Amino acid sequence: MIQINCTNCKAVLQIDDAFAGGVCRCRYCGTIQTVPKRLKRAGGNGDGGALAESAEGRGAKSVYARRAGVETAGSGTGLDDLASIVASSGLTSNRLQKNAAPTAAASATTISTATFKDRKTVIIVSAAAVIIAVLLGIIIVMAVRDRTAEVAQGTDTTASNSGSPTPPVNPQPTVTPPVVVPKPSFLGQPIPEMSVAYVLDHGSASAAEGRLDLLKVALINSLKSLGPERRFQVVFWAVDPNDVQSWPTSGLAYATPQNIVLAQNFIDQVYAVGTTQKTPALKKAFDAKAEAIVLLPIKSFPEEYAGRVLEQRSKAGSNAKFYCFSLAQGHLGAELRKIASGTGGDYKDISISELHSFADQ
């Protein structure tokens, strides 16, 4: 046994001869000790120790002193000394490097695995965030689109739920179509004068082909075209010279809606009857001072008919313009044209089909 004193705690250490020239650790303080090749043996005197065998001669290697019961406790200084001793004593071997390599590899593997797991987690979280953002964008787009559709239709679901309607955004102004007022006319003939007297035949011949009934409807349409600022009178040829049917009974009435209704009630009571006379009816029209006279006979009359009418007009002191008509009776045209041209008026022969069309207006 080799006996040495610890360089740190000065404790006496007994070391096997096999560790001569190597290193050992103090069992008390853990300090690394260098075992000399020659030391005193345990139990020997201070100057006479046996010579330790050479470590190189025996082929012994420097090792740590590992005996059963030896405690391993050290300080920072002892470890530094151990590193220096190992480096100087040639104990740096491949076995130590092999032991360190697996540890480094294991650490690298652990780091790589952790890094992979972190990257995978980041990818999953990023993908989830993208999906959530896309879903939110779709929801917002659909909400805005529905809201826009509701506004475009002029409705508001919020207002409807609250019970108070909300007017549509930018409401289009209500465009009222212009009221088309027909120009004053009778059977297509314009009547620009401010007053007119209708002198119409209703003898028995007027019942043929429904002439009188169609004529009544066309007459009402003509009254409606005059407008409330114009005046009118309706006179039918008389069967009895002392009982001339007219509305109003004297003078002229404004073509207001109320007066037109009254005139229509009067016209509805007129029927085709016997033989009528023109002279009493024309006198009533002249007395009313109408500016225009509509003359529509249905029965035939003598060739001197035009001269008699013009003479009667002259005696009455009337300047009335005559608009003369015949209902599919062209043979009356010659005399009626004379009357119209002699007063500055006009003449028309109306067919039955045309009379139907004017009655349907």
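Sequential numbering from 1 along the given sequence is applied to the chain's residues. Fair warning: this is a prediction, and the values are worked out from it, not measured in the lab. These numbers come from the heavy atoms of this one structure, side chains and all, not from hydrogens, waters or symmetry mates.
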Hey, are S326 and Y347 close enough side-chain-wise for a donor-acceptor pair under 3.5 Å?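 Present: a donor and an acceptor within the cut-off.
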
Gap between atom CZ of R337 and atom CG of D346 - 0.5 Å precision: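 Result: 9.5 Å between the selected atoms.
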
[X] to [Y] - nearest heavy-atom pair and separation:
| X | Y | answer |
| --- | --- | --- |
| I260 | A255 | CD1-O, 3.8 Å |
| G344 | K321 | O-CD, 3.1 Å |
| Q329 | D349 | N-OD1, 3.1 Å |
| I2 | A20 | CD1-CB, 3.6 Å |
| I298 | L332 | O-CD1, 4.2 Å |
| H202 | V270 | ND1-CG1, 3.7 Å |

Using the side chain to side chain contact (heavy atoms under 4.5 Å, CB included) rule, take E291 and V196 through it: C-alpha gap first, then chi angles, then the decisive distance, then the call. CA-CA 6 Å; E291 298 176 7; V196 55; over 6 Å; no

Is it the case that the side chain of S222 and the backbone of S185 share a donor-acceptor pair, with hydrogens and angles ignored and the cut-off at 3.5 Å?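 Yes: the side chain of S222 pairs with the backbone of S185.
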
Does any N or O in the side chain of R230 come within less than 3.5 Å of the main-chain N or O of E193, such that one atom is a donor and the other an acceptor?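 Side chain of R230 to backbone of E193: a pair is present.
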
Given the rule that I, L, V, M, F, W and Y join up when any side-chain heavy atoms are under 4.5 Å apart, are L226 and L200 in one cluster?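 Hydrophobic grouping puts L226 with L200.
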
Could you walk me through whether T279 and Q312 pass the side chain to side chain contact (heavy atoms under 4.5 Å, CB included) test, one step at a time? CA-CA 8 Å; T279 304; Q312 185 180 1; 3.7 Å; yes

Kindly determine whether C24 and F19 satisfy side chain to side chain contact (heavy atoms under 4.5 Å, CB included), including the steps that lead there. CA-CA 8 Å; C24 68; F19 293 95; 5.7 Å; no

Give me the ring orientation class for F232 and W247: parallel if the planes are under 30° apart, tilted from 30 to 60°, perpendicular past 60°.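 F232 and W247: parallel rings.
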
Salt-bridge present (R308, E311; N to O < 4.0 Å):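 A salt bridge is absent here (no side-chain N lies under 4.0 Å from a carboxylate O).
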
Would you check if I131 and V134 make a side-chain contact, meaning some heavy-atom pair closer than 4.5 Å?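 No; the side chains remain at least 4.5 Å from each other.
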
Can you find a heavy atom in the side chain of I220 that is under 4.5 Å from one in the side chain of L223?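 Yes, side chains in contact.
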
Within 6.0 angstrom of K348 NZ, more than 12 heavy atoms from elsewhere: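 It does: K348 NZ has more than 12 such atoms within range.
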
Compute the ring centroids of F186 and Y323, then answer whether they are less than 6.0 Å apart.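 Judged by ring-centre distance (under 6.0 Å), F186 and Y323 do not meet the cut-off.
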
Between K315 and F286, does a side chain to side chain contact (heavy atoms under 4.5 Å, CB included) hold up when you go through it step by step? CA-CA 10 Å; K315 288 181 179 180; F286 290 140; over 6 Å; no

Option from L215, D201, V199, L219 for which side chain to side chain contact (heavy atoms under 4.5 Å, CB included) with L296 holds: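 Only one option passes, and that is L215.
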
